[in-house]
Every structure is written in C-alpha cells, then in structure tokens.
Amino acid sequence: MRDTVLLQLICGVLAILSFPLVKAEDPYKYYTWTVTYGTLSPLGVPQQVILINGQFPGPRLDVVTNDNIILNLINKLDQPFLLTWNGIKQRKNSWQDGVLGTNCPIPPNSNYTYKFQTKDQVGSYTYFPSTQFHKAAGGFGGINIYQRPRIPIPFPNPDGDFTLLIGDWYKVNHKALQQTLDSGKSLPFPDGLLISGQAHSTITGDQGKTYRFRISNVGLSTSLNFRIQGHTLKLIEVEGSHTIQNAYESLDVHVGQSFSVLVTFNQPPKDYYIVASTRFTKLVLTATAVLHYTNSQKPVSGPLPVGPTYQIHWSMKQARTQRWNLTANAARPNPQGSFHYGKITLTKTIVLANSAPLINGKQRYAVNRVSYINTDTPLKLADYFNIPDVFSVDSIQSVPSSGPAYIATSVIPASLHDFLEVVFQNNEKTIQSWHLDGYDFWVVGYGFGQWTPASRKSYNLVDSLTRHTAQVYPNSWTTIYVSLDNQGMWNMRSAIWERQHLGQQLYLRVWTPVQSLRNEYHIPSNALLCGKALGHHP
Ligand SMILES: *[C@@H]1O[C@H](CO)[C@@H](O)[C@H](O)[C@H]1NC(C)=O
Ligand SMILES: *[C@@H]1O[C@H](CO)[C@@H](O)[C@H](O)[C@H]1NC(C)=O
C-alpha cells in the first residue's frame, strides 16, 4: 500500500519534471489526432490524401496565448510521419519542433504526444507534415492563437473569423512526386490551386458586418495573390505582428506565410468572387471561392478582379508597406515598439546564397554550396547524448564562396543572445521563401541585385514586421535581424517544398555552455529514439 503511494508520488514528480511548464495558471488543452490516408477528388479526380481525424485539411487548432497543448498524434500511414508547427516558437523547447533534425519520426501504427506552449504568441499560423513529401497530400491545417481576455487588440472584435488555406496542388500521389524528386528531377508545374482543400467553397456573412479572414499559403511551391471582388482588405496581422492597418486591393502571400485582413461586407447584397492566383509563373493558375451575403439572391457574376501576375517591383513595394504598429499590443501587454531592434549592435552577419546545382547528375538545391541531407539520428538528440559523427558545426560557411556544391548535414553554430543579421542572397531567377523555426525575425530590407554592406542604408530600422517566413525576390536579397533568445536546434529552410526536400535547408544551433532549465527544457520523457540515439535514455 505504502509502495503504491510512494510510486504515485514518484510518478507525479516525474510528470512535473518531464513537462516543466510550471505556470499553473496557463490552461492545458488535450487533443488526439489520428493520421490516415483517404480518397478525395479536390481537383475532380480521385486521389490519395492525408486526413487528420478524417478531415482534409486537418482540424484547426484554436488556442489562446500561453495555452499548454498536449497533442497525441497517432500515425496510421504506411510511412514514418511528423507534424511541424509553422511559426510556433517552441520557447526553450526545440524537442517539440517536429522536424527530422529535432525529432525521430513516428513509425507507422505508433504515436507521439507533443507537449508545447503557445508562449507569448497571438495570431495566425499553420501546421503541416515535415516528413517525406507528405505535405503534397494534405495533413496541414490552421492554428489560430487568440489573445487572452484582458489583452486588447488594435481593432474591434470582428463579427466572425474565417480561415482560408490556399495553395497549389497536384493530382499526383505524394509518393510519385517524391520519386520524381529523389530520382533527380524537378516537379512539373502544379495542376491547380485549392482554397481550403476545395476547388469551390463558400464563405457566408451578413451585410454591414466586418469579418476577419486569416489567409495562409499552405502550398508546395507557388507564391499567390489573394483578392475579393468589390471589397478591400484591411491588413491587421502578419504571422503574429499587428500591422499598420493599410487597405489593399489584393495581397501577395508566399509559400509558408500567413496574414489576417478585415473585410467589411459593405457592398450591395450579391455574391462575390474570392480569388487566389499564381504569381511569377508563365501560366497563371486561378482558384475561386464565393463570398455570399446572407441576404443575397444573386449568384457571382462579372469578370474576376484582376491581380498582378509577374510584377516583381509591385510585390516588393507592397512588402515594404507592411509595417509594425509600434503602439499596438502584442501577446504581452507591452507595446511592440518598446524593443528597439534597430539600435542593437549586431553580433554577426551571415549571408546565405541559394543555388540549384546538379550533384552526381541529379537536381539538388544548396545553401552556400551545401545541399543538406538528413541523418538517421536527429541532430538535437546527437547533441544531447553527445553522440559523435552525426554533424559538425564547421560543415557550412557563413558567407557564399565559389566551388562545386556538395552534400552534407549543415549546422551553423551560434551563441544564445547573439543578435544576427542574415542576408538571403538569391542569384536565381525564381522567387524564394525562407523560414526559420523557433523565432520570429524582423525583415529589415528587400533589394534587387547583389547585397553589399552599403545596402544597409536602405533598411527599415524603425517599424519592420516580425514574422517567421520571408520571401526573396528573383535576383534579389532580403535581410532579416534575429535575436537569438531561444536555445535549441532550429531548422532554417526553404518553404518551397521541392527545394527543402532536395537540400535547401540547414540548422542553426543556438547554444550556451551553461546548461540551465531557464534556457532550455529537459528532453521529454516520451521522446522517440532512433538511429544512434537508440539505447540512450531520455
Ligand atoms: C502514445 O499514446 C499513449 C496514450 O494512448 C501515451 O501514454 C504515450 O505516452 C504515447 N506515446 C508517446 C511516445 O508519446
Ligand atoms: C495602432 O494601434 C493603436 C492601438 O491599438 C490603434 O489605436 C491605431 O489605430 C493603430 N494604428 C494604425 C495606423 O493602424
């Protein structure tokens, strides 16, 4: 009897230790998600898709700032699987990031319980599969983080809140697409666009009311333009930043990005077109949905509203108009602009140049000549268990150099509390979309041609947005500032999935020799082990 009590006590203490999110006031939310294959016809022909709890796209995660999420993911596919939480910062907790550099994939007929907190975040995010080429089959969904009750937001409460996941889509099975890539070929042009998993969907609201639309590009490779016939889009939020509330006719959204707009139903009662169309593509793909006024008797009519197609200057100019509202609250009750990012001394500058080399006759993508390859042992676990020969921190240079590209597991070392300038240099004629896990960063500048130190004169050091994914225009550069306040092993990757899959990614190891729970949580007690980490104990 006494043993049982003692055992329970030990288990209780272990449970607390294994999940050291000690803020008792922050609520816990529990989920069980089962991942299966299903057959749907999003573009009119039946194909295999990935469902979560039977849904395509997957269920929306509706949470509040600082919620603790306990999400048991059950993998019923025939392949190992992981979800990653795009834009969730995982403070001190890269253990839960759900990419192959931090987590062992969940084997078929097995499960893993993610435990993480939406610490100090508010806004619109997404999740999607990070393994194999699963993202091409679905498994993605929206994450809405609502503000806590007493934290004001810089706009009136909308009358409703719609999530639109837009993206390019292939009729081809994800395994066939992956086979094409793994055999060294590029993917063909996508077959179409989907809005929330469908070719025809309808959004319904009342005349005179104002709704929040959360738009995310969940596609594989194509930048999109979003617009609504007869209505303006008032931008309010970009990946957790509250913005200056400019009105736009249309907005570009690059792969992996999210934004929110307010739309007032202030037109005559009728149905209107919602349009997404491809950017920077020779052939323009278009998808429409219907905005339906509850008092409308008239179906959609008239030409689709025109959007930009190839205009690169237009897009860069629009990007520069998207700015931080310095007086608005963030998730915490302090003005966003109280952190003067433009006045902090840079610790280091890193310049990352993407390229599309052939390596051994096969198409690959590279960063500073290194085409990333995953290891069987997640880098984070190799680091934690001191397992040698998994990765090295001198595997990639921090500025571009000339010479042939090669395959390696590239990790850039950095110290906790460094303040980095990262320049993404794109010398290719295609658009890029770069994402960093574990952080949001200030996008301080966009420019054409080659970045030089003189380019710094054009930076916006006052009210740039913070976000987690930044576009880099063809033959252009984009600079970000990032404050390395989150210890861990963090994936920096192309959000363009063919490029990510074939090597355009790396890891940023944010480290300090002082091991402290204040900087990083313990390895979770349920951590899956694989590769050379098998036989170790979390
Ligand atoms: C799998 O799910 C069970 C509950 O059904 C849970 O106890 C267990 O911790 C989960 N496994 C992992 C590795 O999280
Ligand atoms: C910025 O936020 C403040 C505070 O909520 C709000 O009053 C103001 O209208 C916003 N400014 C702009 C330009 O959007």
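Indexing begins at 1, ligand by ligand and atom by atom, following the structure's order. Positions are given from 1, in the same order as the sequence printed here.
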Would you mind listing each N/O atom of ligand 2 next to any protein N/O under 3.5 Å, plus the distance?
| from | atom 1 | to | atom 2 | distance (Å) |
| --- | --- | --- | --- | --- |
| ligand 2 | 2 (O) | Asn325 | OD1 | 3.3 |
| ligand 2 | 2 (O) | Asn325 | ND2 | 2.3 |
| ligand 2 | 11 (N) | Asn325 | ND2 | 3.0 |
| ligand 2 | 14 (O) | Gln245 | N | 3.1 |

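Remark: of the listed residues Ile195, Leu233, Asn217, Leu233 is the sole one forming a side-chain contact (heavy atoms from CB on, under 4.5 Å) with Phe226.
Ion pair Asp120/Lys89 not flagged as a salt bridge, since none of the NZ, NE, NH1 or NH2 atoms sits closer than 4.0 Å to an Asp/Glu carboxylate oxygen. Note on Asp440 versus Arg467: no salt bridge recorded, every NZ/NE/NH1/NH2 to OD/OE distance being 4.0 Å or above. A salt bridge is absent between Asp376 and Lys532; no separation between the charged side-chain nitrogens and carboxylate oxygens falls under 4.0 Å.
Using a 4.0 Å cut-off to heavy atoms of Thr113, the atoms of ligand 1 that qualify are 10 (C), 12 (C), 14 (O). Each of the atoms 1 (C), 2 (O), 3 (C), 8 (C), 10 (C), 11 (N), 12 (C), 13 (C) of ligand 1 lies under 4.0 Å from some heavy atom of Asn111.
Pairs passing the ring-ring contact (aromatic ring centres under 6.0 Å, His included) check and including a residue from residues 96-115, sequence neighbours excluded, read Trp85-Tyr114, Tyr112-Tyr114.
Residue-level proximity to ligand 1 for Asn72 is carried by the side chain, the only part with a heavy atom below 4.0 angstrom.
The aromatic rings of Phe81 and His134 lie tilted to each other, with the angle between the two planes from 30° to 60°.
Partners of Asp252 according to the salt bridge (charged side-chain N to carboxylate O under 4.0 Å, His left out) rule, which considers only residues two or more places apart in sequence or in another chain, are Arg279. Taking the side-chain hydrogen bond (donor to acceptor under 3.5 Å, both in side chains) definition, one finds that Gln318 meets it with nothing, sequence neighbours left out.
Between Tyr112 and ligand 1, no N or O atom pair is found at a separation short of 3.5 Å.
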